[in-house]
*Asks:* 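For reference, the structure I am asking about is given below.
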Amino acid sequence: MIVGLEHYLVVSALLFALGLLGVITRRNLIVIYMSLELMLNSANLALVSFSRFNDNLNGQVMVFFIITVAAAEVAVGLALIVALYRKRQSAHVEDLTSMKL
Amino acid sequence: MSILTFIFILPLLAAMALAFVPRNLAIVMRAAAVGVTFVTMLLGVLMFWQFNGAPADANGYRFVTTIPGLGAESLGIACKLGVDGLNVGLVLMGAIVAFAAACCSFEIKTREKEFYILLLTMTGGILGAFMSLDLFFFYFFHELALVPTFIMIGVWGRGEKKNYATFQITLYLSIGALLALIGLIALYLQLPTDSRTFDIPTLTQYFAEHTMAYSAQMFVFPLLLLGFGILVSLWPFHSWAALGYGSAPSATAMLHAGVLKKFGLYGLIRVAIPFCPEVARMHMQFLAWLALGNVLYVGWVAMRQKNLNLLIGNSSVAHMGMIFLGIASLNLIGVTGAVVIMVAHGFLAALTFGLSGYIYSQTGTLEMSELGGLAKKLRFVGVAFVMAAMAGCGLPGFLNFVGEVSVLFGAWQVNPLRGITVLAVWGALIIGAVYMLRAVRTVLHGELSAKWENLSDADLWRRLPHALLIASLLVFGFFPRLLTDKVKPVTEQIVKMATAKAPDSNGTVVLVENK
Amino acid sequence: MKYEVLPWVILFLPLLATGIITLFTLKNEKASATLSVGAIVVGFLSSLLCFRAFRFSPQEFTLNWLDLGGLQVDFGLKLDPLSLMMLLIVTGVGSAIHIYSIGYMKGDSGFSRFFACLSLFTFSMLGIVLSNNFVQMFIFWELVGVSSYLLIGFWFEKASAADAAKKAFLTNRLGDFGFILGILTLWALFHGSLNFGVIAKYVEENPATTGLTVAGLLIFCGAVGKSAQFPLHVWLPDAMEGPTPVSALIHAATMVAAGVYMLCRVFFIFTPDALTVIAWTGGFTALLAALIAVQQNDIKRILAYSTLSQLGYMVMAVGLGGPAGPTAAMFHLTTHAFFKALLFLGAGSVIHAMHHEQDIWKMGGLRKKMPVTYWTFLVGTLALCGVPPFSGFYSKDAILAQALHRAHEYPFTGYALFAIAALVAVLTTFYMFRLFFVAFLGEPKAHEAEHAHESPGVMIWPLRILALLSIAGGLIGINELFDYQFTGVQGQYSDLITRLIEPFRHAPAAVFGGLVAVVIGYLAAKAFYGKAKSDPLPGKLGPWSRAMANRFYVDEIYEATVIRAHDLIAAVADWIDRWIVEGFCVGLVRGGTDLTGRALRLVQTGNLQSYAFLFVLGVAVVLWFVLGR
Amino acid sequence: MGLPDILFYVFAVLTLVCGTLVVANPFSRNPVTSAMFLVLTIISMAGLFVLLHAFFLAAVQVLVYAGAVMVLFLFVIMLLDLKEEERRKIKKAGFITGLLAVTAIVGLFVRSLLAAHPGKDLPVPTAVGDTATLGKMLFTNYLLPFEIVSILLLVAMVGVILLSKKDLK
Amino acid sequence: MNLSLISLELAVVGLGIVMLLADLWLPVERKRAIGYAAAAILGILLLNSFTSHCSCALIGQSAFGGMFVQDALSVFFKRFFLLAAVLTLVLAVEFSDRIAAGISEYYSLIVFALAGMVFAASANDFALLFVAIELITVTFYVLTSFTRSKVKSLEAGVKYLILGALSSAFMVYGIALVWGTSGKFNFTELAQVVGNFAGNKVFLFGVLFILVGLGFKIAAFPLQIWTPDVYQGAPTPTVAFLAVGSKAAGFVLLLRFLFYAIPSVTAQWTNLLIVISGITILYGNLCALPQRNLKRLLGYSSIAHAGYLLLGVAALAGAMANGKSPIANDGGAAVLYYLAGYLFTTLAAFGVIAVVMKQLDTEDVSGLAGLNQRSPLLATTMTLAMVSLAGIPPLAGFFGKFLLLKAVIEQGATNYGYYCLAFTALVGVVISIYYYFGVVRAIYWSKETPDLSAIHLSWPMKASVAACVAGMFYLGLFPGALLTMTSKAVSVLAH
């Protein structure tokens with residue numbers, strides 16, 4: 001059968017789901033963060049495939065922005081995690097419950 | 001700019017001014033508060049005096065004036081003031097009580113600055129609420145007066161249940177007010193989009209011409225009834241009142257129980273009933289039963305109170321029942337009577353709370369078991385208290401009697417309410433007398449215990465307000481037409497609107513036509 | 001001088017006096033006394049003028065007091081023989097007692113207060129007398145109640161006095177409860193009119209109906225309260241806690257008579273059935289009170305119970321109907337006012353002399369110590385017992401006669417009531433002479449009695465005057481006047497002799513009955529108490545005497561039933577308020593909200609993972625909500 | 001079934017498998033392995049991009065992501081020398097419900113995808129995502145977002161410096 | 001294309017960069033001057049925005065191919081953001097001695113966040129929307145964790161970071177889907193074709209994902225979870241700016257997106273909006289009830305206020321469902337009005353907190369004890385702020401709530417859900433009164449009054465606090481002027 005838009009979308013959706021699952025289940029902040037990257041990438045995939053099949057390149061420009069922003073976010077995020085690790089000697093979410101209720 | 005403007009704006013301005021007076025000049029604050037309220041009172045009396053002479057506008061309102069700037073004309077909100085027979089008495093009463101309260105608040109010894117600022121704010125709010133001809137500001141000023149009440153009870157209140165009382169009264173009244181607000185907004189939305197306004201005269205005219213859709217009435221009236229009812233401690237939403245007043249400083253209790261509380265009743269008479277006639281008629285029987293709850297049930301509760309202030313508080317709740325009964329009768333006599341009691345009870349409540357406040361300031365307790373025989377020491381207070389008690393159980397000569405009798409006659413005129421009326425009479429005549437006399441007996445009569453040997457009777461600043469209140473009760477009690485002749489035309493119109501169409505099949509009111 | 005002004009003057013002078021005294025002269029006793037006494041004396045004189053002016057030309061002056069469309073309340077004065085006569089009694093006897101109290105209250109800390117209250121009472125009483133419509137009458141009715149409350153509780157430091165005052169007020173309120181309901185009923189029946197005249201006309205037009213009967217009985221309740229008829233009679237004896245002049249004025253002469261007066265005033269609304277009830281109530285009260293009186297030892301209480309039984313007489317008389325009934329009632333009311341006031345003042349003088357000792361068994365031999373009091377008291381006693389030619393004889397006879405006359409129509413009621421009346425007469429004589437023998441004759445039984453001495457002139461003179469009236473009261477044509485009031489025909493004036501023997505011609509049977517009763521009573525009293533040192537009766541009657549002494553336990557019954565019940569209900573209400581409304585409902589809402597809050601915020605674990613999880617979960621739910629279908 | 005389709009399946013499977021190993025690696029819970037697999041995922045995605053004629057993006061993907069970002073990740077991991085995420089027992093219930101939620105979302109998505117079927121009767125695509133065209137668009141229509149992104153990067157820079165500079169008085 | 005249209009934005013960005021540079025040369029002790037300077041310049045920009053020679057005067061124009069629009073709505077919000085930034089900067093200066101290092105960067109980051117907001121105000125295109133939001137968010141990651149000497153601050157930062165990234169992942173995916181199905185990035189173009197996709201589930205899916213992103217910013221119900229922690233941990237000025245600016249940015253984008261871009265879809269979702277708004281109100285208020293930590297309390301209450309604001313959105317949606325134009329029901333105007341009131345109130349409250357809590361490390365409500373002796377001005381301000389938040393006359397909060405309720409009840413006739421919503425709001429208000437008065441109570445009549453040392457305030461702080469109070473009163477008493485402004489602003493939503 002012919003590979004169409006849906007196939008790509010399904011793949012991206014699964015990728016999105018994987019990322020989500022990672023965010024929910026993993027405890028290591030860095031891994032969580034990777035999962036988030038995964039989700040962003042799934043969006044990229046969706047955009048690219050759409051832009052391909054709709055024959056419209058705007059989507060790819062969006063992807064470009066997304067990648068850049070993601071990079072920025074990663075930078076800040078990792079810096080933050082590092083700073084936190086310096087204080088707490090841990091990158092575990094369970095250890096980040098000084099504020100609750 | 002009419003006399004009304006000054007009446008309500010004076011206290012507010014004074015409150016703002018006081019904010020800039022250094023707090024160690026307590027005496028200045030007192031002087032200012034008493035002085036301003038005194039002027040307000042004089043203006044109020046003047047206004048009442050000139051009422052008949054003053055020119056009335058098309059809708060029968062006098063001294064009509066609008067305060068520019070306030071409100072938003074795009075929504076039909078404008079701060080419009082005016083009085084007709086219905087609220088003129090209330091405004092006068094409010095002004096007098098405010099002065100009395102200011103005199104009585106000399107017992108406050110801590111944080112006077114805040115207290116007097118709040119007191120004046122409250123006064124301004126109260127008077128504004130009663131004289132505003134715009135539903136929005138009617139509500140607005142009420143809230144404005146309500147907040148100080150809460151804070152005053154919280155900060156200067158007495159008794160160990162103070163905090164609980166504060167929060168209870170706060171929440172209860174907020175619920176009531178908000179329900180009423182929703183009702184008022186819904187009412188406002190009944191007008192066609194382009195001509196929406198909160199202007200009471202306009203609304204009255206509009207609803208006199210086209211009655212509200214039945215479904216809309218079914219939504220609006222119950223809301224207003226419930227909301228206003230809670231504000232007036234309608235049974236079974238009464239439990240805040242006694243406790244709240246018991247814990248409040250006397251000035252606050254005087255102002256709230258005496259004046260501010262009448263807001264709900266005023267709203268019922270002015271807005272709810274004439275605007276939603278059909279549904280109102282349906283609810284009147286029900287309302288009468290609730291009123292009975294106030295008169296009888298709360299009366300019984302009052303019989304059991306061990307604390308003077310709680311007793312008084314409950315009694316004032318019980319009196320509300322008579323007013324509700326009068327409203328429920330939905331005829332000229334009853335409604336007029338209700339208005340009369342509103343005024344009378346204002347004076348009375350202020351009187352009783354002022355006196356109990358004095359006794360408290362002297363003895364430091366209001367537990368009746370500890371008091372007794374005080375009449376020997378506190379001659380003036382004793383006499384005043386006995387008079388208050390007598391007025392409380394509807395003794396002729398005081399204005400209360402006029403109101404209660406008219407209410408009874410009014411209710412009797414409505415066949416379905418007769419049974420209730422009989423019970424109400426029992427509550428007013430017997431139960432009322434029982435707890436009032438019990439208070440007199442235990443507090444004033446009997447042996448004077450040794451520890452009260454050195455009590456001192458009220459000084460001038462305490463006698464003055466009470467004498468004033470008693471005098472007002474007596475004057476109106478002897479010449480009720482001073483009041484009723486002003487009230488009658490308005491109530492006539494309201495009753496006309498309320499009974500505009502013949503009662504529908506499930507409407508309960510059957511008017512006895514009387515030649 | 002225009003006479004129209006006078007009634008207003010009469011009515012409002014006392015009020016003025018009260019006002020001035022309370023406001024200004026509380027410190028100045030002399031001024032207060034002068035004001036109060038002056039007010040009532042002037043009132044008395046003007047009443048005399050009015051009497052001359054309007055005796056046979058009834059008048060009515062009216063102002064509108066309250067005007068609410070359907071409810072028109074006037075403030076009016078009705079001057080007709082009835083009110084005029086009552087006016088004279090109130091002001092006349094009143095004056096005497098005012099003067100008397102100057103002496104009696106001397107040195108009391110609340111001297112001025114006393115006179116203020118006294119004047120207030122006079123005002124309210126006059127208001128009842130003069131009022132021309134129901135609401136106005138109710139107004140003053142209430143005022144009378146409160147002024148009596150103030151006077152009974154005059155010595156409020158005394159617990160007993162304070163309680164008595166409270167009791168009196170509440171009991172009266174019970175009566176007023178019926179009264180106001182009656183007024184409402186009438187008002188509804190008669191298209192919103194309240195004026196006596198108008199309603200009278202209505203009643204004439206349409207015959208007796210059940211509605212009318214009900215209204216009548218309800219209004220009668222008012223009288224039952226004020227005139228202390230069974231079952232609301234309990235307050236009167238306790239009211240003796242007040243100063244003796246008060247007992248004399250209020251609880252003998254005027255206030256308690258107000259009920260009877262009211263019955264006569266609105267006589268026209270009573271249907272035959274209503275009248276029967278009234279009559280029986282009166283008769284029963286008379287008998288009950290007389291029986292109780294036999295076993296009382298407190299001189300004032302004895303008089304109080306005799307007052308009760310006499311009031312029962314009057315009410316019964318009203319109930320006996322016809323024009324003659326109310327006539328007789330009013331006649332007896334008048335004479336009773338004289339001699340009962342006299343007796344009370346006499347008792348007061350005795351008590352004064354005995355340093356407020358009231359137990360007759362501590363007295364004795366006062367005859368020589370205080371002769372005037374002795375003689376006047378004797379006169380009063382004779383009048384009360386109905387010995388000709390004392391005033392009491394004539395009025396009582398009129399009642400007995402009416403009872404027999406009633407018997408033509410309603411045999412049972414008539415004869416039964418006659419019998420009761422006769423029996424009561426016996427008892428009256430018995431207990432009065434018991435009192436007389438024990439208190440005045442024999443030897444002093446306590447040292448107060450030995451050192452007792454006659455009271456000052458200001459107290460003696462009123463006694464003398466009242467004694468005079470008590471002797472002559474029956475012969476000065478009072479009854480003709482009332483006759484005119486109720487029949488409307490002006491009786492012709494006959495000379496003294498005819499009046500003296502009139503009863504014997506008119507109703508010999510009644511006379512005979514009455515006299516026999518007196519003789520029996522006197523002999524019995526003589527036999528038992530001629531020389532008695534202590535009361536022999538308890539020994540003879542045993543439990544009966546105890547029952548009498550304890551007023552047949554009526555108070556106790558009330559205590560056990562009505563009051564207890566009310567307290568119970570109140571307790572229940574209070575409990576509900578405290579626990580159900582306050583505790584449960586409010587508490588539930590408060591607690592519930594608070595709990596929900598505490599539960600809900602457990603979601604905020606602070607754990608990032610669970611946050612993310614909830615985030616996703618929420619999104620999933622929303623997605624389902626929107627796209628799930 | 002032409003070559004592109006086969007390649008698609010290859011890359012798709014590769015992407016998903018590696019992705020799975022990033023998130024839930026049954027053999028190791030060491031972040032380094034996750035990072036490594038993430039790199040693989042990204043690279044295989046770049047393959048998919050190529051299939052979709054998005055050559056420029058494919059390049060960027062490899063350079064920026066696989067090159068820069070992942071290196072950053074690894075640096076941090078090394079810097080903190082994170083120990084293997086010790087196997088605290090996962091809350092089963094939490095895991096299951098989470099799984100359910102995610103599957104629900106995906107299921108919904110697929111359902112709506114089948115319902116909407118956006119891919120049907122589309123014209124034969126011609127657009128090619130090469131550098132020139134994208135560059136032109138970037139500097140014409142999308143100038144503003146582009147500039148803003150630059151500010152964003154500046155902010156990020158400042159932030160990173162602030163967060164990680166040593167001086168903590 | 002005309003750059004003049006974005007002159008304001010350029011000015012803001014430029015200011016930020018200049019501040020960064022200035023930091024290099026200024027000595028440490030003068031650094032707080034930067035904050036005041038920035039505040040002053042922004043103030044000038046704000047005033048200038050009312051004059052004719054400002055980009056704000058060029059109403060109705062657009063640039064960058066319709067990506068950036070200048071209309072009444074955007075102008076309203078730009079002024080709003082500028083004002084918020086000015087007050088926040090003053091507050092930040094007051095707070096500065098709590099910040100370990102890089103105070104001037106702190107100021108400049110606030111300015112950059114502002115830049116993101118002003119861009120967001122004009123965003124009419126998903127690309128711009130995305131970058132603007134990201135600019136705001138990323139800036140706030142840094143601002144939140146700025147006092148990194150405190151673990152709480154870092155922890156708050158991380159939580160905000162992860163959840164924020166999660167939400168933006170959703171949003172991006174949503175954008176992908178929406179664009180993929182409709183082929184439009186530009187709102188105006190999207191609005192023309194949206195009718196064809198109202199039934200397209202993939203499209204709706206995308207819309208929902210975008211809403212997730214926006215909902216996260218305004219802290220609406222399923223996405224509110226981060227709020228309390230971030231509010232508690234972040235430095236107070238950040239929180240103030242977050243509560244006011246970020247929320248408002250979320251709302252302007254929400255309004256544009258829902259009512260300008262996809263009206264026909266929104267009209268289907270009235271019930272969704274009703275439920276979300278109701279639950280948000282209840283959640284915020286109920287959780288705040290037992291809360292003692294002041295900042296956390298305000299975090300919860302800000303959730304509740306997001307709910308109140310959604311009342312207006314829901315009402316507007318209802319009006320659209322009845323086929324009316326967005327102007328018919330002034331729910332939108334109510335939202336704007338309420339936001340304006342919320343700005344003054346919240347900034348006042350956080351101003352007081354920042355000053356009072358500066359010394360003591362606890363943020364417990366009891367820290368306010370005896371404030372009325374220490375500084376009557378602050379005590380009064382706090383009281384008024386609480387009263388206004390509780391929605392009691394004569395303050396801004398009341399009129400805002402009044403408008404919202406009015407808008408909601410107006411829809412009740414056609415959909416009874418709105419009546420229920422009104423009552424829910426009522427319950428919420430009552431609950432909120434309870435805890436707001438708890439705060440007032442702590443100020444005036446709490447037993448323990450630890451230190452009564454007078455609090456010194458710099459005059460700019462005094463001024464800004466006074467301005468907030470004045471604003472509250474003005475909006476409460478003379479709503480007319482702002483009301484017309486808001487309704488004009490909302491009118492652009494109608495095509």
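Here is how names work: the chains are called A, B, and so on, in the same order as the sequence lines, proteins then strands, and each is numbered from 1.
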*Asks:* Using non-hydrogen atoms and a 4.5 Å limit, figure out which bit of Ala35(D) sits close to chain A: side chain, backbone, both or neither.
*Replies:* both

*Asks:* Of the listed residues (Leu48(D), Leu152(D), Leu113(D)), which shares the most heavy-atom pairs with chain A below a 4.5 Å separation?
*Replies:* Leu113(D)

*Asks:* In terms of heavy-atom pairs under 4.5 Å, which option from Ser51(A), Ser49(A), Ala71(A), Ser35(A) contacts chain D the most?
*Replies:*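 Maximum pair count with chain D is reached by Ser49(A).
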
*Asks:* Given that the side chain runs from C-beta out, which part of Thr41(D) has a heavy atom under 4.5 Å from chain A: side chain, backbone, both or neither?
*Replies:*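 Interface part for Thr41(D): side chain.
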
*Asks:* How about Leu78(A) and Ile81(A): do any of their side-chain heavy atoms sit closer than 4.5 Å?
*Replies:* yes

*Asks:* In terms of heavy-atom pairs under 4.5 Å with chain D, which of Leu45(A), Ile24(A), Val63(A), Leu14(A) leads?
*Replies:* Leu45(A)

*Asks:* Leu9(A) versus chain D, heavy atoms under 4.5 Å apart: side chain, backbone, both or neither?
*Replies:* both

*Asks:* So which of Val61(A), Leu38(A), Val11(A) has the biggest tally of heavy-atom pairs under 4.5 Å with chain D?
*Replies:* Val61(A)

*Asks:* Between Ser34(D), Gly159(D), Ala101(D), who has the most heavy-atom pairs with chain A when the cutoff is under 4.5 Å?
*Replies:* Ser34(D)

*Asks:* Do Phe73(D) and Met34(A) make a side-chain contact, defined as non-hydrogen atoms from C-beta onward lying under 4.5 Å apart?
*Replies:* yes

*Asks:* Got more than 12 heavy atoms from elsewhere within 6.0 Å of CE, Met137(D)?
*Replies:* yes

*Asks:* Taking the side chain as every heavy atom from C-beta outward, state whether Leu36(A) and Glu73(A) have any atom pair closer than 4.5 Å.
*Replies:*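 Result no, sub-4.5 Å side-chain heavy-atom pair not found.
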
*Asks:* I want to check something: taking the side chain as every heavy atom from C-beta on, are Glu6(A) and Val110(D) in contact at a cut-off of under 4.5 Å?
*Replies:* no

*Asks:* Find the distance between NE2 (His92(A)) and CD1 (Ile30(A)) and round it off to the nearest 0.5 Å.
*Replies:*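 Rounded to the nearest 0.5 Å, the NE2-CD1 separation comes out at 10.5 Å.
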
*Asks:* Counting heavy-atom pairs closer than 4.5 Å to chain A, which one of Leu52(D), Thr15(D), Val23(D) comes out on top?
*Replies:*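 Option with the greatest count: Leu52(D).
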
*Asks:* Less than 4.5 Å to any heavy atom of chain A: does that hold for the side chain of Phe75(D), its backbone, both, or neither?
*Replies:*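 For Phe75(D), there is no contact with chain A at all, as no heavy atom is under 4.5 Å.
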
*Asks:* Go through the atoms of Tyr33(A) and report whether side chain, backbone, both or neither lie under 4.5 Å from a heavy atom of chain D.
*Replies:* both

*Asks:* Pick from Gly4(A), Gly19(A), Ala83(A), Ala75(A): which one has the most heavy-atom pairs with chain D under 4.5 Å?
*Replies:*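 Result: the option with the highest number of such pairs is Ala75(A).
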
*Asks:* For the aromatic rings, using the six-membered ring if either is Trp, is the centroid distance between Tyr8(A) and Phe8(D) under 6.0 Å?
*Replies:*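 Here the rings of Phe8(D) and Tyr8(A) have centres that are less than 6.0 Å from each other.
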
*Asks:* Among Asn58(A), Asn41(A), Thr68(A), which has the most heavy-atom pairs under 4.5 Å with chain D?
*Replies:*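 Most heavy-atom pairs within the cutoff with chain D belong to Asn41(A).
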
*Asks:* Any idea which of Leu57(D), Thr20(D), Ile148(D) has the most non-hydrogen atom pairs under 4.5 angstrom with chain A?
*Replies:* Leu57(D)

*Asks:* With a 4.5 angstrom heavy-atom cut-off, is it the side chain or the backbone of Ala54(D) that approaches chain A, or both, or neither?
*Replies:*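 For Ala54(D), backbone and side chain are both near chain A.
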
*Asks:* Side chain, backbone, both or neither: which part of Tyr142(D) has an atom under 4.5 Å from a heavy atom of chain A?
*Replies:*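 Both parts, heavy atoms under 4.5 Å.
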
*Asks:* So for Ile66(A), is it side chain, backbone, both, or neither that comes closer than 4.5 Å to the heavy atoms of chain D?
*Replies:* neither

*Asks:* With a 4.5 angstrom heavy-atom cut-off, could you sort out which part of Ile42(D) is near chain A: side chain, backbone, both or neither?
*Replies:*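 Only the side chain of Ile42(D) comes within 4.5 Å of chain A.
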
*Asks:* With a 4.5 angstrom heavy-atom cut-off, which part of Val149(D) approaches chain A: side chain, backbone, both or neither?
*Replies:* side chain

*Asks:* State the CG-CZ distance between Leu114(D) and Phe109(D), to the nearest 0.5 angstrom.
*Replies:* 10.0 Å

*Asks:* Could you measure the distance from the CG atom of Leu16(D) to the CZ atom of Phe11(D)? Nearest 0.5 Å is fine.
*Replies:* 13.5 Å

*Asks:* Find the distance between CE (Met62(A)) and CG (Leu57(A)) and round it off to the nearest 0.5 Å.
*Replies:*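 Here the rounded value is 15.0 Å.
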
*Asks:* Measure up the Phe65(A) and Phe146(D) rings against each other and bin them: parallel (under 30°), tilted (30 to 60°), perpendicular (over 60°).
*Replies:* tilted

*Asks:* Distance from Leu162(D) atom CG to Leu80(A) atom CG, nearest 0.5 Å?
*Replies:* 12.0 Å

*Asks:* Looking at Val106(D), Leu72(D), Val22(D), Val13(D), which has the largest count of heavy-atom pairs under 4.5 Å with chain A?
*Replies:*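 The residue among Val106(D), Leu72(D), Val22(D), Val13(D) with the greatest pair count is Leu72(D).
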
